[in-house]
There are 2 protein chains.
Amino acid sequence: MASSMNASAESTRNETEERLLDAALTLFASKGFAATSVREIIEATGVTRPVLYYYCDSKQDLFERVVRWKHDDAYKELDATISATRGVANRLQAIIRGTFAFCAADPRVPQLMFQTSFGPVVSELAEFLQAIAEIRFGIVANVMLEAIDSGELHGGDAHSLALLFCSIMDHHANALSRMPNPEHKLTPELADALVDAFLYGVSTGRRKTPQIPETL
Amino acid sequence: MASSMNASAESTRNETEERLLDAALTLFASKGFAATSVREIIEATGVTRPVLYYYCDSKQDLFERVVRWKHDDAYKELDATISATRGVANRLQAIIRGTFAFCAADPRVPQLMFQTSFGPVVSELAEFLQAIAEIRFGIVANVMLEAIDSGELHGGDAHSLALLFCSIMDHHANALSRMPNPEHKLTPELADALVDAFLYGVSTGRRKTPQIPETL
DNA sequence: ACACTTACTTAACGATCGGTAGGTTTCGTC
DNA sequence: GACGAAACCTACCGATCGTTAAGTAAGTGT
């Protein structure tokens, strides 16, 4: 006892609250919303149940805070790198490198994030998660739009190309973060190679322009 | 009642059992394993709870049967089309067209299938689902291996290229099957365009060969 | 007539779920 | 040293969970 001489007290967030969020992140990321009980979360944190409800309104509220917490970090970084970069190749490289670095640093993040877009629908959370996902997608779609307008890209509309690029990026981030040592797999080298594959394809044969139909 | 004069009575499967599996598919696909209760399943089927346990050992057993049921259908079709086709472009086209058609015919299938690989880990099911996923991936990886050996593809090893292709195919199948009217979106035209994008890229600029590092 | 299987029923089991009422300690402020 | 807010506790709530015991009605073979 009396061990928590925490000098920082950064922002208004308590140390207990932080541990609660962190434990919730771990469990929600690996087991999902429905399969994770508040009892598991409080046991992992080392507090009693009313403490959790002292900091959060409900299990759902806790989940949303965990998602927003990590998503906001990722989103800010992404937005900053894009406005500091010119040219579609460089921008896509920045996006995917940043995403990989973020996911490699904490594999729980992609595991949480992607289960919300690929996993089962949690009806209470659907609206909230939809909005979160659209922010991210919108950023990429904007990059594509500018690149089409400037003649750097072709083969589909901005939405289709964004979906294609996010396919590649997200699927790799997701799949590799679930394997052992994701930090050795989600490398800048892989990121760059995937951008090249997106831009130039992997065929040895003569070039041909894809015509992706509008998906929206 | 008495409306279901189903002539087939195929195999040994009872009509009640079939309805049970179908209701389970609907619910597991949309809400996931943990969030779906056996009570919901039996209510949707219109039977009592012991009937479910008459046909299945447990909730887990029911889930595995539902997954195997649909997966086996998809897998057989896939395997057949590949061995009947030559050349990587044609084979990939056959794979993705078949997958899209299968997903468009019943959007519950991809929703169930992908939540098992991208969704939260259900520890009791992890091993079973891992094996299922590897069958599918292995088929694609084999196609890539042959195409690399024959000099049709470059830019990475078979495993990496399979991961890249599955990224594109699976993500589109998943995302579009969750939108309204998936049957109008998961079209052969989209399938073909995605194969082209995989092979030739979407850049207007000069060609360049990607070098995807090994991810395994 | 009897046994046996198939396809169900009603009624309940213990365990766990999310959430809370109400009391206690700690601590800065006046 | 009185006082309220913040941070926590014990103990319990009703609801729902997966699962089962025990019984029944209808057919089927002998």
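Naming: A, B, ... by sequence-line order, numbering from 1 per chain. What you are looking at is a predicted structure, and each value in this text was computed from that prediction instead of being measured.
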Between the protein and nucleotides 11-14 of chain C, list every N/O to N/O distance that falls short of 3.5 Å.
residue, atom, partner, partner atom, Å
C:dA12, N6, B:R49, NH1, 2.8

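For B:V38 and A:G46, each mapped to the nucleotide of DNA chain D holding its nearest heavy atom, the one lying further toward the 5' end belongs to A:G46.
Atom pair B:F63:CZ and D:dC17:P shows a separation of 18 Å (rounding to whole Å applied). At whole-Å resolution of the value, NZ in A:K59 and P in D:dA15 are 19 Å apart. Taking atom CG of residue A:L52 and atom C1' of nucleotide D:dA6, one finds them 17 Å apart after rounding to whole Å. The interatomic distance linking A:Y53 (OH) with D:dC12 (C1') rounds to 14 Å, in whole Å. The CD-C1' distance, from A:E43 to C:dT16, rounds to 12 Å in whole Å. Remark: P of C:dC17 and CD of A:E40 are 7 Å apart, rounded to the nearest angstrom. One atom, CD1 of B:I42, and another, P of D:dC17, lie 10 Å apart when rounded to the nearest Å. Straight-line distance from the CD1 atom of A:I41 to the C1' atom of C:dC17: 13 Å, rounded to whole Å.
Looking only at distances, no side-chain donor or acceptor of A:K185 sits under 3.5 Å from a matching main-chain atom of A:L190. Formation of a donor-acceptor pair under 3.5 Å by the A:Q60 side chain with backbone atoms of A:L125 is not found in this model.
Applying the ring pair (Phe, Tyr, Trp, His ring centres under 6.0 Å) criterion to B:F114, with sequence neighbours excluded, gives no partner residue. Judged as a salt bridge (charged side-chain N to carboxylate O under 4.0 Å, His left out), and not counting sequence neighbours, the contacts of B:D61 are B:R65.
Among the atoms of the strands shown, only primed sugar atoms or phosphate atoms (P, OP1, OP2) are found under 4.0 Å from some heavy atom of A:V51. In this structure, B:T48 reaches the bases: a heavy-atom distance under 4.0 Å links it to at least one base atom across the strands shown.
A salt bridge does not link A:E43 with A:R39: none of the charged nitrogens is closer than 4.0 Å to a carboxylate oxygen.
OP1 or OP2 of C:dA7 sits under 4.0 Å from a side-chain N or O of B:Y54. In this structure, A:N14 reaches the D:dA7 phosphate: one of its side-chain N or O atoms is under 4.0 Å from OP1 or OP2. Taking side-chain N and O atoms only, B:T16 has no distance below 4.0 Å to OP1 or OP2 of C:dA7.
With rounding to the nearest 0.5 angstrom, the CD1 atom of B:I212 is 12.0 Å from the NE2 atom of B:H159.
Using cut-offs of 30° and 60° for the angle between ring planes, the A:F33 and A:F28 rings count as parallel.
When distances are taken from the side chain of A:Y55 to each of C:dA7, D:dA7, D:dC17, the shortest belongs to D:dA7.
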